[in-house]
Amino acid sequence: MSERRTVLVTGGTKGIGAAIVQHLGKAGYEVISVARGTEADRQCDVTSKTQVEQLKAEVGAIDILINGAGGVSTSPFLKITEENWDWHFSTNVKSIFYCTQAFLPEMLQNRWGRVINIASTASKIGGRYLAAYVATKHAVLGLTRSLALECAESGVTVNAVCPSFVDTPMTREGAKRVAEKTGRTTEQLMEAFKNHNPQKRFVTPEEVAHAVEFLIENAAVNGQAISLCGGETV
């Protein structure tokens, strides 16, 4: 890295986001973590346009935006409520829309920038009882590809990282919720999640962080969705 770049990571205090913050900080980037909680460098609900605009006013221009904030809940399709559907799209798609619109202009002006969306293998395949979540992650991938083409001649790249199940608190919480509905144990569900990966293991948050650094450092990679899944999407 020839100069110290500024990185903003949403959802930057837990799981994948925290690993990205730690990894890029060690690599020499100036990293700002954003989340709702007080442990973040900047508190912000990225589903709120007003709060994102305030965040932009406080932080100013950045070089790299990592859209890591997100959430998931499970439900049979016929039991998905409109409220839950809207929550998924607000959390997983609108947050990216708000943050990218806020921070992209200076990247374009400077003719250098990176937008990296933390998506999922759910951007490429379906999943039982995950219709709302999968729909949002497909939307994230579509947004990534479209914006990448818009920015292709600007010096800004736009890519996505698509991990399989990652061993994070969000994954364990999801397993706990499914267990409560099905009568299976959380441990049984975690084992089932792990076995989605042909390598029969969880992806680690650190592996996602390494993929993010790769996308930052490689200007030729644009509009791609890098799968970290042991072959799950083959």
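Count residues from 1 along the sequence. These numbers were taken from a predicted model, which means no experiment stands behind them.
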Please table the atom pairs, donor to acceptor, closer than 3.5 Å between any side-chain atom in residues 225-234 and protein atoms at least two apart or in another chain.
unit_1: Ser227; atom_1: OG; unit_2: Lys124; atom_2: NZ; d: 2.5
unit_1: Glu232; atom_1: OE1; unit_2: Ser164; atom_2: OG; d: 2.5

Exercise. List the steps and the verdict of side-chain contact (heavy atoms from CB on, under 4.5 Å) for Ile16 and Thr168.
Key: CA-CA 7 Å; Ile16 291 172; Thr168 63; 4.3 Å; yes
Which atoms form the tightest heavy-atom contact between [X] and [Y], and what is the distance?
| X | Y | result |
| --- | --- | --- |
| Phe89 | Ala139 | CE2-CB, 4.4 Å |
| Val52 | Ala102 | CG1-CB, 3.9 Å |
| Ala35 | Ala40 | N-CB, 3.5 Å |
| Ala160 | Ala119 | CB-CB, 4.3 Å |
| Leu215 | Arg114 | O-NE, 3.6 Å |

Is there a donor-acceptor pair closer than 3.5 Å between any side-chain N or O of [X] and the backbone N or O of [Y]?
| X | Y | result |
| --- | --- | --- |
| Arg145 | Asn222 | no |
| Ser90 | Asp86 | no |
| Asp41 | Ser33 | yes |

Nearest 0.5 angstrom please: [X] [atom1] to [Y] [atom2], how far?
| X | Y | atom1 | atom2 | result |
| --- | --- | --- | --- | --- |
| Leu55 | Gln43 | CG | CD | 11.0 Å |
| Arg42 | Gln51 | CZ | CD | 14.0 Å |
| Asn159 | Phe214 | CG | CZ | 9.0 Å |
| Arg172 | Lys176 | CZ | NZ | 10.0 Å |
| His23 | His210 | NE2 | NE2 | 4.5 Å |

Quiz item: What residues, two or more places apart in sequence or in another chain, satisfy side chain to side chain contact (heavy atoms under 4.5 Å, CB included) together with Gln101?
Solution: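 Once residues adjacent in sequence are excluded, the partners of Gln101 under the side chain to side chain contact (heavy atoms under 4.5 Å, CB included) criterion are Phe97.
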Quiz item: With sequence neighbours excluded, what pairs up with Leu108 under the side chain to side chain contact (heavy atoms under 4.5 Å, CB included) test?
Solution: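 Expected list: Leu104, Cys151, Ser154, Val156.
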Quiz item: Going by side-chain heavy atoms closer than 4.5 Å, which hydrophobic residues are tied to Met190, directly or by a chain of links?
Solution: Phe165, Val178, Leu189, Phe193, Phe202
Please check if [X] and [Y] belong to a single hydrophobic cluster, counting links between Ile, Leu, Val, Met, Phe, Trp and Tyr side chain heavy atoms closer than 4.5 Å.
| X | Y | result |
| --- | --- | --- |
| Val203 | Val21 | yes |
| Val115 | Leu141 | no |
| Val221 | Val7 | yes |
| Val158 | Val140 | no |
| Tyr29 | Leu8 | no |

Just to verify, what does [X] make a salt bridge (charged side-chain N to carboxylate O under 4.0 Å, His left out) with, not counting sequence neighbours?
| X | result |
| --- | --- |
| Glu173 | Arg177 |
| Lys56 | Glu106 |
| Glu213 | none |
| Asp45 | Arg36 |

Quiz prompt | Pair Ile118-Val212, side-chain contact (heavy atoms from CB on, under 4.5 Å): steps then yes or no | solution = CA-CA 9 Å; Ile118 305 303; Val212 167; 4.0 Å; yes
Exercise. Decide yes or no on side-chain contact (heavy atoms from CB on, under 4.5 Å) for Leu143 and Ile96, but give the supporting numbers first.
Key: CA-CA 9 Å; Leu143 172 60; Ile96 293 176; 3.7 Å; yes
Quick one: does [X]'s side chain get under 4.5 Å of [Y]'s, heavy atoms only?
| X | Y | value |
| --- | --- | --- |
| Cys162 | Ser123 | yes |
| Val9 | Ile32 | no |
| Ile216 | Thr157 | no |

Please list every donor-acceptor pair under 3.5 Å in which a side-chain atom of residues 61-71 meets a protein atom from a residue at least two apart or in another chain.
unit_1: Asp63; atom_1: OD2; unit_2: Thr6; atom_2: N; d: 2.8
unit_1: Asn67; atom_1: ND2; unit_2: Thr100; atom_2: OG1; d: 3.2
unit_1: Asn67; atom_1: ND2; unit_2: Asn117; atom_2: OD1; d: 2.9

Quiz item: Which pairs, with at least one residue in residues 126-140 and sequence neighbours excluded, count as a side-chain hydrogen bond (donor to acceptor under 3.5 Å, both in side chains)?
Solution: Asn92-Thr136
Quiz item: Crowded around Glu180 CD? As in, over 12 foreign heavy atoms under 6.0 Å?
Solution: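 Yes, enclosed.
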Practice problem: Let me know which of Thr171, Val134, Thr91, Leu130 forms a side-chain contact (heavy atoms from CB on, under 4.5 Å) with Val72. | Solution: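 Exactly one pass, corresponding to Leu130.
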Atom pairs and distances, donor-acceptor, side-chain atoms in residues 78-85, under 3.5 Å, two or more places apart:
unit_1: Thr81; atom_1: OG1; unit_2: Asn84; atom_2: N; d: 3.0
unit_1: Asn84; atom_1: OD1; unit_2: His88; atom_2: ND1; d: 3.3
unit_1: Asn84; atom_1: ND2; unit_2: Ser73; atom_2: OG; d: 2.9

Practice problem: Sorted by first residue and then second, give each salt bridge (charged side-chain N to carboxylate O under 4.0 Å, His left out) pair with at least one member in residues 189-201; sequence neighbours left out. | Solution: Glu191-Lys194, Arg201-Glu207
Quiz prompt | Verdict with supporting geometry, Tyr98 and Glu53, side-chain contact (heavy atoms from CB on, under 4.5 Å) | solution = CA-CA 8 Å; Tyr98 287 153; Glu53 289 174 345; over 6 Å; no
